[in-house]
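See structure below.
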Amino acid sequence: MIYKINDQPNMEKMSHKEKIWQVIHKIPKGNVASYGLVAKLAGLPGYARYVGYTLKCLPVQTKLPWHRVVSAKGAISFEQGTKKYIRQKSLLEKEGIPFLKGKFSMKQYEWKQSLEES
DNA sequence: TCCTTGACGGAGA
DNA sequence: ATCTCCGCCAAGG
């Protein structure tokens, strides 16, 4: 299906996955958001696991900044040392977020949506 | 239908 | 700080 970046369609009529894509697309570069926060901002509180499922279904060449979504503790949800793990880690470090002791500081880098808009 | 499987989260211990 | 356990919820067998 065609997904236009700048559309702000009627949330009621969007599928859950579309709502989730919309939210992830808005995560600013240099910030991260937990699966739970993405779900909440998408109007789907409690759907943290579903956010993970949605990301798993993304095509490899997606433009969506999936790497900015991490666990609530700031850890990467892939098995340590795997290619995916290393890829996500480097993409975020490239955006200036330090990875210390196996995690990113949510306190400092988690997206504060309220300060940005709405 | 029922059961299992996760890119989850948080309350306890 | 860690680790386990359990509730969550859609998908896929």
Side-chain angles (χ1 to χ4, degrees):
Chain A
M1 79 184 325
I2 308 303
Y3 160 59
K4 295 182 192 164
I5 298 280
N6 295 314
D7 278 356
Q8 293 300 324
N10 175 352
M11 293 294 268
E12 299 306 310
K13 205 170 179 182
M14 263 192 286
S15 71
H16 290 173
K17 281 186 180 177
E18 287 175 302
K19 293 178 189 172
I20 289 166
W21 296 335
Q22 289 285 339
V23 172
I24 294 175
H25 181 254
K26 290 193 276 187
I27 303 173
K29 183 179 179 183
N31 281 91
V32 293
S34 67
Y35 294 86
L37 177 63
V38 170
K40 195 167 81 174
L41 295 177
L44 302 167
Y47 279 57
R49 287 190 100 134
Y50 190 71
V51 169
Y53 170 73
T54 299
L55 292 188
K56 188 176 65 177
C57 296
L58 288 175
V60 185
Q61 4 59 256
T62 182
K63 291 167 190 157
L64 206 67
W66 58 270
H67 58 282
R68 296 181 188 144
V69 183
V70 299
S71 80
K73 310 219 172 52
I76 289 174
S77 299
F78 290 120
E79 190 182 344
Q80 188 175 185
T82 59
K83 285 184 180 176
K84 294 183 200 169
Y85 179 97
I86 294 171
R87 189 143 86 88
Q88 183 168 20
K89 174 177 174 294
S90 39
L91 282 170
L92 287 174
E93 289 180 319
K94 197 185 309 177
E95 296 191 352
I97 309 178
F99 190 69
L100 305 172
K101 294 171 216 156
K103 55 188 181 180
F104 298 101
S105 169
M106 295 309 271
K107 185 165 163 49
Q108 295 180 58
Y109 300 97
E110 186 164 40
W111 180 29
K112 270 68 178 180
Q113 188 255 356
S114 53
L115 300 180
E116 309 289 327
E117 58 207 315
S118 47

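A quick note: this is a predicted structure, and the numbers were derived from the prediction, not measured.
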A:K84, A:R87, A:K89 screened by side-chain contact (heavy atoms from CB on, under 4.5 Å) with A:F78, the one that passes: A:K84
Between B:dG9 (C1') and A:M106 (CE): distance, integer Å: 12 Å
Contact under 4.0 Å: A:Y53 side-chain N or O vs C:dG12 OP1/OP2: yes
Whole angstrom value for the distance that separates C1' of C:dC8 from NE2 of A:H16: 14 Å
Protein-nucleotide distance (A:L92, atom CG; B:dA7, atom P), rounded to Å: 18 Å
May I have the list of side-chain donor-acceptor pairs in residues 32-53 of chain A shorter than 3.5 Å, sequence neighbours left out?
residue: A:S34; atom: OG; partner: A:L37; partner atom: N; Å: 3.0
residue: A:S34; atom: OG; partner: A:E110; partner atom: OE2; Å: 3.4

Protein-nucleotide distance (A:Y35, atom OH; C:dA10, atom P), rounded to Å: 19 Å
Distance-only donor-acceptor test (3.5 Å): side chain A:Y50, base C:dA10: no
Nearest-Å distance for atom pair CZ/P, residues A:R49 and B:dG10: 13 Å
Heavy-atom closest pair, residues A:M106 and A:K73: CG-C, 4.0 Å
A:K56 NZ - B:dT5 P separation (whole Å): 12 Å
Out of C:dA10, B:dA7, B:dG9, whichever nucleotide has its closest atom nearest the side chain of A:A48: B:dG9
Residue-phosphate contact under 4.0 Å: A:S71 side-chain N/O, B:dA7 OP1/OP2: no
Side-chain donor or acceptor of A:Q88 paired with backbone N/O of A:V69 under 3.5 Å: yes
Between C1' of C:dA1 and NZ of A:K103, the distance in whole Å: 8 Å
Rounded distance (Å) that lies between atom P of B:dG10 and atom CG of A:L37: 11 Å
